[in-house]
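Numbers for residues simply follow the sequence, beginning at 1. Model, not experiment: these values are computed from the prediction. The analysis underlying the following values was restricted to heavy atoms, covering all of them including side chains, and did not include hydrogens, waters or symmetry mates.
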Amino acid sequence: MSDKLKVGILGATGMVGQRFVSLLADHPWYEIVVLAASERSAGKTYEEALGGRWSIETPLPENVKGMKVQNVADIDDICSKVDFVFSAVSMSKDEIKKIEEDYAKHEVPVVSNNSAHRWTPDVPMILPEINPHHMEVIEAQKKRLGTKHGFIVVKPNCSIQSYTPVLEAWKEFEPYEVIVTTYQAISGAGKNFDSWPEMVGNIIPYISGEEDKSEREPMRIWGKVENGEIVPATCPKITSQCIRVPVLYGHTAAVFVKMRKQATKEQLIEAMEKFKGEPQDLNLPNAPKQFIKYLPEDDRPQVLADVNYEHGMGVTVGRLRPDSVYDWKFVGLSHNTLRGAAGGAVLCAELLTAKKYITKRI
């Protein structure tokens, strides 16, 4: 009998679901026991349900190829087998809200990659190095849901990972106004070049809903916990533009920052490179050893050279220099399906496990 926690993946056939499978197939703490997807995939083996659509650079793990896919709607049966689930389902926002709450009400913790609950006041949206203290609202959420063990935690949007950690590292210098333009990979839309040939050699200066997320979600991460809810911060002010570019993996951000306190370039680089959080202190399995790395070369960071820094779980920064209008400007890069999606959710789960929010239940 395995001592590992038993995990289900909801939405296992999609691009983020596949990334969950690749990360969890040989995880030291977790064992995949359920793969769930839509009704049309139910009853097929995982390999059959994928139908040749495995999109991860590493091979499809042998230990899941023959696993039967279940219908995500079979909540009673799935919940009888798992200690917790990861959610990457593809449904309407209202449907996602309901199904994630249904799992939580069955006393199964849900760690979600979806955006549906990111603004539910008592659902923590965790970027593990920055706001692990927001987990304390889980107790208020349990009271609302009427549960003892079940709850929902979400991870933030993929595009904010390449600049929000830097602003957090510079907190002592009081950033108060930020302009950011993100250049976002097509896998952020759940697609590759085969399924989206129009993106080859193309740029689309619009991603639905992304600019709102880029401006508002950091405010929730920096918010205060009051009366069992998270109250968003009001500073720094962020304005953004989000552009889809012909890159498979990697979100790049060009950022301009005003600060209330003066700093030298050396101080800013030192603050970034020394920045760490509870994942590093606890030595969690997927925690990057050094979260933010500064690259001094004029032409870095680059997607091809740097997107897999710290196995895709770290952030690389370059081109830090004074600005003629703002105080400083820089370029940041993060892996959108690892740190920005499934990997970030797995790191959240590891932190929840280390803090005893997720425990064995079966």
Side-chain angles (χ1 to χ4, degrees), residues 115 118-119 121 123-134 137 154-184 207 209-226 229-243 251-278 291-294 301 314-334 336 339-340 344:
S115 64
R118 287 184 190 157
W119 289 92
V123 172
M125 180 172 68
I126 302 295
L127 206 165
E129 283 85 356
I130 296 178
N131 63 330
H133 60 286
H134 282 189
V137 303
V154 298
K155 53 146 289 297
N157 190 47
C158 53
S159 69
I160 74 170
Q161 313 282 333
S162 53
Y163 58 92
T164 304
V166 177
L167 298 175
E168 176 69 14
W170 291 347
K171 196 172 181 178
E172 65 181 294
F173 306 112
E174 299 183 13
Y176 70 93
E177 191 173 297
V178 179
I179 295 175
V180 58
T181 300
T182 57
Y183 303 88
Q184 300 185 206
I207 306 172
E210 202 74 7
E211 287 158 0
D212 181 65
K213 295 174 186 175
S214 298
E215 294 170 2
R216 294 177 66 223
E217 288 191 14
M219 299 299 102
R220 192 161 194 263
I221 289 169
W222 290 318
K224 293 181 179 179
V225 177
E226 295 181 2
E229 296 184 350
I230 298 161
V231 179
T234 58
C235 187
K237 296 291 186 184
I238 300 175
T239 185
S240 72
Q241 292 198 97
C242 299
I243 299 172
H251 287 353
T252 300
V255 186
F256 299 78
V257 186
K258 285 185 179 179
M259 298 179 181
R260 298 194 191 282
K261 294 184 177 179
Q262 291 186 346
T264 65
K265 181 175 180 177
E266 292 72 23
Q267 286 176 312
L268 294 174
I269 292 172
E270 181 181 23
M272 283 189 288
E273 296 212 311
K274 283 188 173 180
F275 179 68
K276 64 177 184 174
E278 289 192 17
F291 185 20
I292 306 172
K293 182 177 178 62
Y294 185 73
V315 176
T316 49
V317 175
R319 304 210 67 211
L320 175 63
R321 58 213 193 278
D323 184 65
S324 59
V325 177
Y326 277 53
D327 293 321
W328 294 92
K329 52 191 171 187
F330 69 90
V331 175
L333 171 66
S334 60
N336 57 294
R339 167 54 74 161

Interatomic distance, [X] atom [atom1] to [Y] atom [atom2] [nearest 0.5 angstrom]:
X      : Y      : atom1 : atom2 : answer
Glu215 : Ile238 : CD    : CD1   : 8.0 Å
Ile230 : Lys224 : CD1   : NZ    : 14.0 Å
Glu210 : Asp212 : CD    : CG    : 10.0 Å
Trp328 : Leu268 : CH2   : CG    : 5.5 Å
Arg339 : Cys158 : CZ    : SG    : 13.0 Å
Met125 : Ser115 : CE    : OG    : 10.5 Å

Least distance between heavy atoms, [X] atom then [Y] atom:
X      : Y      : result
Met259 : Phe173 : CB-O, 3.4 Å
Pro132 : Glu129 : CD-C, 4.4 Å
Gly344 : Pro128 : O-CG, 4.4 Å
Pro218 : Thr164 : CG-OG1, 3.6 Å

Report task. Let me see the working for Val166 and Val257 under side-chain contact (heavy atoms from CB on, under 4.5 Å), right down to the final yes or no. Result -> CA-CA 11 Å; Val166 177; Val257 186; over 6 Å; no
Within the structure provided, determine whether [X] and [Y] are in side-chain contact (heavy-atom separation under 4.5 Å).
X      : Y      : value
Ile126 : Asn131 : yes
Met219 : Pro236 : yes
Val331 : Pro301 : yes
Ile207 : Thr182 : no
Trp119 : Arg216 : yes

Requested in this report: Decide whether Gln184 and Asn336 meet the rule of one side-chain donor and one side-chain acceptor closer than 3.5 Å.
Outcome: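 The answer is no; no qualifying pair exists.
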Requested in this report: Validate the cation-pi geometry between Lys258 and Tyr326: distance from NZ or CZ to the six-membered ring centre under 6.0 Å, angle to the ring axis within 45°.
Outcome: yes
Query raised in the report: What do the steps show when you test Phe256 against Thr239 for side-chain contact (heavy atoms from CB on, under 4.5 Å), and what is the final call?
Result: CA-CA 10 Å; Phe256 299 78; Thr239 185; over 6 Å; no
Report task. Compute the ring centroids of Phe330 and Trp170, then answer whether they are less than 6.0 Å apart. Result -> yes
Query - Set of residues satisfying side-chain hydrogen bond (donor to acceptor under 3.5 Å, both in side chains) with respect to Glu229, sequence neighbours excluded - result: none
Query raised in the report: What pairs with Glu172 under side-chain hydrogen bond (donor to acceptor under 3.5 Å, both in side chains), at least two apart in sequence or on another chain?
Result: none
So does [Y] get a backbone contact from the side chain of [X], meaning a donor-acceptor N/O pair under 3.5 Å?
X      : Y      : value
Tyr294 : Leu320 : yes
His134 : Gly223 : yes
Ser240 : Glu211 : yes
Lys155 : Gly340 : yes

For [X], I'd like to know if atom [atom1] has over 12 heavy atoms of other residues, nucleotides or ligands within 6.0 Å.
X      : atom1 : value
Gln241 : CD    : no
Glu226 : CD    : yes
Arg118 : CZ    : yes

Query raised in the report: Do the charged groups of Glu217 and Lys213 touch, with an N to O distance under 4.0 Å?
Result: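 Lys213 and Glu217: not salt-bridged.
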Requested in this report: With side-chain contact (heavy atoms from CB on, under 4.5 Å) as the test, would you mind laying out the steps for Leu167 and Trp222 before giving the verdict?
Outcome: CA-CA 11 Å; Leu167 298 175; Trp222 290 318; 3.8 Å; yes
